[in-house]
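Worksheet for the structure shown next.
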There are 2 protein chains.
Amino acid sequence: MKLDDIDRRILRALQRDGRMANNELAAEVGLSPSPCLRRVKLLEEAGVIDRYVAVLNPASIGKGLTFFTRIWLKTQDEDTIGHFATEVAKLPQVMECYLMLGDCDAMVRVVAASIDDYRRFQSEHLSRIRGVQNVKTDVPSQTIKHTSELPI
Amino acid sequence: MKLDDIDRRILRALQRDGRMANNELAAEVGLSPSPCLRRVKLLEEAGVIDRYVAVLNPASIGKGLTFFTRIWLKTQDEDTIGHFATEVAKLPQVMECYLMLGDCDAMVRVVAASIDDYRRFQSEHLSRIRGVQNVKTDVPSQTIKHTSELPI
DNA sequence: ATTGCCCCGCAATTTGATTGCGAAGATTGT
DNA sequence: ACAATCTTCGCAATCAAATTGCGGGGCAAT
């Protein structure tokens with residue numbers, strides 16, 4: 001889908017505030033409400049806007065800690081990787097999971113309430129996925145930035 | 001803030017669809033619209049709901065590739081780290097940045113249109129931040145999961 | 001220059017958000 | 001156990017926002 005300057009302004013605004021009123025959005029991007037809303041709907045239908053979400057404060061629901069875990073699989077055949085992928089995707093504590101080329105086979109970002117909470121998760125869920133040979137966990141000492149706003 | 005079961009259901013629903021109509025939300029969590037909306041407002045004021053955002057499809061705006069970069073700083077003094085943190089946070093291509101203990105000093109997730117786009121970013125922005133000694137980039141071959149839905 | 005197309009803005013309608021109020025249930029202290 | 005109090009609910013009225021249809025203007029191609 002081709003995006004013009006107004007579309008980009010709409011996307012920027014909705015990435016900042018996904019619940020912004022259409023009137024306000026229209027004023028910000030320099031349109032009247034109806035064509036503005038029409039563009040938003042088009043962007044949704046085209047899949048440029050994937051969805052709208054509420055962003056929670058992890059600490060306030062007892063998920064304040066982040067862990068990065070690198071994972072090595074026993075083998076790198078499609079079956080092992082595929083099974084790992086489907087299983088790890090089911091774990092709600094896993095916020096991100098990437099298959100990697102090179103050193104490790106996969107990397108996941110996990111949220112947990114505490115180190116013990118994480119340890120339990122690792123031993124009871126992550127390590128039990130068939131094919132997982134080894135895991136190594138890194139703990140960030142501080143989060144500098146964590147956004148969903150793509151540059152546009 | 002203490003959360004009861006209805007609050008958690010509200011949070012789960014709004015993480016799935018942050019623009020859900022209040023009537024629909026109320027029906028889903030088993031309340032009438034007014035107390036439901038009141039709870040949502042309280043959750044917002046308490047900071048449990050941080051904000052609402054539109055989630056874009058990165059590929060559709062030409063930011064389809066993800067890169068992980070580990071960063072080593074020349075020194076680990078507060079000044080060097082602090083300067084790095086403020087500068088890296090300004091870069092819109094940087095979606096996540098964590099300070100790490102152990103091997104590397106920081107890790108960032110960067111989005112870019114292409115490998116060349118990323119290379120340019122690395123040499124023109126990342127490596128030029130004062131104190132940055134070395135960087136190593138890993139490219140995920142596949143994204144298995146990438147969500148903002150915290151388990152609650 | 002004229003035709004056709006696209007996208008705008010206006011205005012009317014519908015839908016949803018918001019607020020005040022009385023009632024029901026839970027909690028605390030006597 | 002009972003009464004006072006606090007909390008949170010649901011209803012209903014009001015208000016604001018979303019949505020849709022329609023006419024008009026600008027731009028491109030013929």
Side-chain angles (χ1 to χ4, degrees), chain A residues 1-63 113 147-152, chain B residues 1-63 113 147-152:
Chain A
M1 183 183 182
K2 70 182 209 320
L3 304 172
D4 66 12
D5 199 56
I6 292 180
D7 290 322
R8 279 186 285 272
R9 265 180 285 181
I10 288 174
L11 294 173
R12 268 192 288 268
L14 289 178
Q15 283 196 111
R16 267 192 291 105
D17 179 3
R19 263 196 168 179
M20 177 180 273
N22 183 54
N23 284 11
E24 198 190 335
L25 177 62
E28 182 172 326
V29 304
L31 280 181
S32 69
S34 36
C36 181
L37 185 64
R38 243 167 311 207
R39 276 168 181 263
V40 171
K41 296 294 176 195
L42 282 174
L43 291 166
E44 291 169 1
E45 282 161 27
V48 179
I49 297 175
D50 184 41
R51 62 192 196 281
Y52 299 89
V53 301
V55 178
L56 308 190
N57 178 348
S60 71
I61 58 166
K63 297 287 170 184
T147 184
S148 58
E149 287 186 42
L150 290 163
I152 186 173
Chain B
M1 182 182 182
K2 70 182 210 319
L3 304 171
D4 65 12
D5 199 56
I6 293 180
D7 290 322
R8 278 185 285 272
R9 264 179 285 180
I10 289 174
L11 294 173
R12 267 191 288 269
L14 289 178
Q15 283 196 112
R16 267 192 291 104
D17 180 2
R19 263 198 169 178
M20 178 180 272
N22 183 55
N23 285 8
E24 197 190 336
L25 177 63
E28 182 173 327
V29 304
L31 279 181
S32 69
S34 37
C36 181
L37 186 63
R38 239 165 287 159
R39 277 168 182 264
V40 171
K41 296 294 177 195
L42 283 174
L43 290 166
E44 291 169 0
E45 282 161 26
V48 179
I49 297 174
D50 183 41
R51 62 193 196 281
Y52 299 88
V53 302
V55 178
L56 307 190
N57 176 350
S60 72
I61 58 166
K63 297 287 169 182
T147 184
S148 58
E149 286 186 42
L150 289 164
I152 186 171

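To find a chain, count down the sequence lines: A is the first, B the second, and so on, and within it residues start at 1. Computed from a predicted structure; not experimentally measured.
Under the side chain to side chain contact (heavy atoms under 4.5 Å, CB included) criterion, Arg8(A) pairs with Leu3(A), Asp5(A), Arg12(A), Ile152(A), sequence neighbours left out. By the side chain to side chain contact (heavy atoms under 4.5 Å, CB included) test, Ala27(B) pairs with no residue at all, sequence neighbours left out. Under the side chain to side chain contact (heavy atoms under 4.5 Å, CB included) criterion, Ala26(B) pairs with Pro33(B), Cys36(B), not counting sequence neighbours. For Ile6(A), the side chain to side chain contact (heavy atoms under 4.5 Å, CB included) partners at least two apart in sequence or on another chain are Asp4(A), Arg9(A), Ile10(A), Val29(A), Leu31(A), Arg39(A). Listed by chain and number, the residues in a salt bridge (charged side-chain N to carboxylate O under 4.0 Å, His left out) with Glu28(A) are Arg16(A) (sequence neighbours excluded).
Of the candidates Leu43(A), Val40(A), Asp7(A), Leu42(A), Leu43(A) is the only one forming a side chain to side chain contact (heavy atoms under 4.5 Å, CB included) with Val48(A).
Between the two ends of the helix from dA1(C)-dT30(D) to dT30(C)-dA1(D), each summarised by a five-pair axis, the helix axis turns through 40° (rounded to 10 degrees).
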Show me the donor-acceptor pairs, under 3.5 Å and distance only, between side chains in residues 49-62 of chain B and residues at least two apart or in other chains.
{"from": "Tyr52(B)", "atom 1": "OH", "to": "Arg19(A)", "atom 2": "NH1", "distance (Å)": "3.3"}
{"from": "Tyr52(B)", "atom 1": "OH", "to": "Glu44(B)", "atom 2": "OE2", "distance (Å)": "2.7"}
{"from": "Asn57(B)", "atom 1": "OD1", "to": "Ala59(B)", "atom 2": "N", "distance (Å)": "3.1"}
{"from": "Ser60(B)", "atom 1": "OG", "to": "Asn57(B)", "atom 2": "O", "distance (Å)": "2.8"}

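Close approach of DNA chain D to chain A, defined as any atom under 4.0 Å from a non-hydrogen atom of the protein, starts and stops at dA18(D) to dC22(D). Interface limits on DNA chain C: the 5'-most and 3'-most nucleotides within less than 4.0 Å of chain A heavy atoms are dC8(C) to dC10(C).
Against DNA chain C, the stretch residues 10-22 of chain A makes no heavy-atom approach under 4.0 Å. Contacts with DNA chain C (heavy atom under 4.0 Å) in residues 26-39 of chain A: Leu31(A), Ser32(A), Ser34(A), Pro35(A), Arg38(A), Arg39(A), listed by number.
The nearest pair of heavy atoms linking Met1(A) to Ala46(A) is SD-CB, 3.3 Å. Considering every non-hydrogen atom in both Lys63(A) and Pro151(B), the closest pair reads CE-O, 3.7 Å.
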